[in-house]
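In what follows, a structure is listed as C-alpha cells, so that the remarks can point back to it.
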Amino acid sequence: MSKDASQTYLRFLNLVSAIRGLPAFPSLDAVEERVLNGLAAVWACGAKVTVLEAMRLTPDASPSTVHRRLKQLQEKGLIALRADENDSRVRFIEPTAAANQWFAKLGQCMNLAARDG
Amino acid sequence: MTAETLRQRLPRDLAVITGIAALWVGLYWLNDWAFHFLEKTQAANWIFLPAALPLIAVLVWGVPGALGLWLGTTVTSSQVFGAWTPAVLIAAPMSALAPLLAVAIMRGPLRLRPDLGGLSIGDLTQLAVANATCSAMLHSLVFLVLNDPIANPADIFVMLVGDLIGTIVVLYAVKLVLAALPHH
C-alpha cells in the first residue's frame, strides 16, 4: 500500500473511531437488563461484586450467558472492571456514570408513570 | 510531484471525485424526498443531509474530496436554479470551499494531525459547526452578489441549522451502522 493510501485509510479509521464516540443511550436486551439490575441491588447495599459472584446472581441464566452479557455491558460502557489490589485474578465490577444515568432515567420514567397514573 | 506519482494517483483521485459527487447527488435527492416538507426555499432546508459529506470528504481525502463535492454541487445547483445559469458556476464551488476553509481554520486550534489521530467527538462537533458556519456564510455572500430570487441571503440561519441537523443525523446513522456491524 502506498504511503498516501495508507494515510487515507488511517484518517478514515480515526474518523470512524471519533464517530463511534457520539453520545448515545445504550439499549439493553432482557438478560442484560436483569444482570444490571442484579448488580444494582448489590451495589445499593454498598457491597462489592466480583465477576465470579455476578455470574451466579441471575439464577435463570447460565454463568456463561451472564459472562457474555457482562462483556456486552462493558462494551456499552455501563460497567467497568477493576482488578483487586491484592489478587489481580479477582476483578470487581463497578457501575459507570452511564449506568448511574441509566438508573436515574428509569427512576424518572417510573415517577412520571406514577404521576400520570 | 513526479509524473510517475501523478500517474499512480490519478485513477484513485478520479474514483474519489466521482464517488463523492455521486454520493452528494444521492444524499441531495434523498433529502429532497424525505424532508421536502421542511424546505424553506429551494436553496434552504431545515434539515440538509448532504451537509455531513463535505466535512467527511475533506477530512479523509482532502482536495480530491473537495473536487468531488464541486462536481456534485454543480449538478444539484443546476436543479436549484432550474437551469445551467452562471449562478450555478458561482454557487457550486461554495460547498467544496466551506469544508476546506473550516478544516484550515480549525487545524491549529484543534491540533489536527495529518492522520487525524486522536480526533475526538468534541473535535468533530467543532469541525461540523465551523463547516456549517463557513458554508452558510459563503452561500449567503454568493446569494447577495447573485441577487437571485431563488437564493435569499436572509436564509443564512435556516442553512446553518439545516447543515448542523443534517450532519448530526448522518453521523448518528453512521454510528448505528457501525454498531450493527459484527465485532471482530
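Below, read A as the first sequence line, B as the second, and so on, with proteins coming before strands; counting in each chain starts at 1.
Neither the backbone nor the side chain of B/Ile168 comes within less than 4.5 Å of any heavy atom in chain A.
Counting heavy-atom pairs closer than 4.5 Å to chain A, the top-ranked of the candidates B/Gly62, B/Gly122, B/Gly117, B/Gly118 is B/Gly117.
Residues A/Leu57 and A/Met55 share a hydrophobic cluster, clusters being chains of Ile/Leu/Val/Met/Phe/Trp/Tyr side chains in contact below 4.5 Å. Neither B/Val129 nor B/Val170 shares a network with the other; the hydrophobic side chains, linked directly or stepwise wherever heavy atoms of I, L, V, M, F, W or Y lie under 4.5 Å apart, form separate groups for each. Linking ILVMFWY residues whenever their side-chain heavy atoms come closer than 4.5 Å, directly or via other members, places A/Leu78 and A/Val66 in the same cluster.
The environment of A/Arg34 atom CZ is dense: over 12 non-hydrogen atoms of other residues, nucleotides or ligands sit within 6.0 angstrom. Taking a 6.0 Å sphere around CE of B/Met137, one finds it holds 12 or fewer heavy atoms contributed by other residues, nucleotides or ligands. Remark: A/Phe12 CZ is loosely packed, at most 12 non-hydrogen atoms of other residues, nucleotides or ligands lying under 6.0 Å away.
Side chain of A/Arg11 to main chain of B/Leu59: a donor-acceptor pair is present (N/O by atom type, distance under 3.5 Å, no hydrogens or angles).
Rounded to the nearest 0.5 Å, atoms OG1 (A/Thr8) and CZ (B/Arg12) are 4.5 Å apart.
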* side chain to side chain contact (heavy atoms under 4.5 Å, CB included) evaluation trace for B/Leu124 with A/Leu15 -> CA-CA 8 Å; B/Leu124 198 58; A/Leu15 185 68; 3.6 Å; yes
* Take B/Leu116 and A/Leu10, measure what side chain to side chain contact (heavy atoms under 4.5 Å, CB included) needs, and give me the verdict at the end. => CA-CA 8 Å; B/Leu116 299 182; A/Leu10 268 178; over 6 Å; no
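B/Leu178 and A/Ile19 get closest at one heavy-atom pair: CD1-CG2, 4.4 Å.
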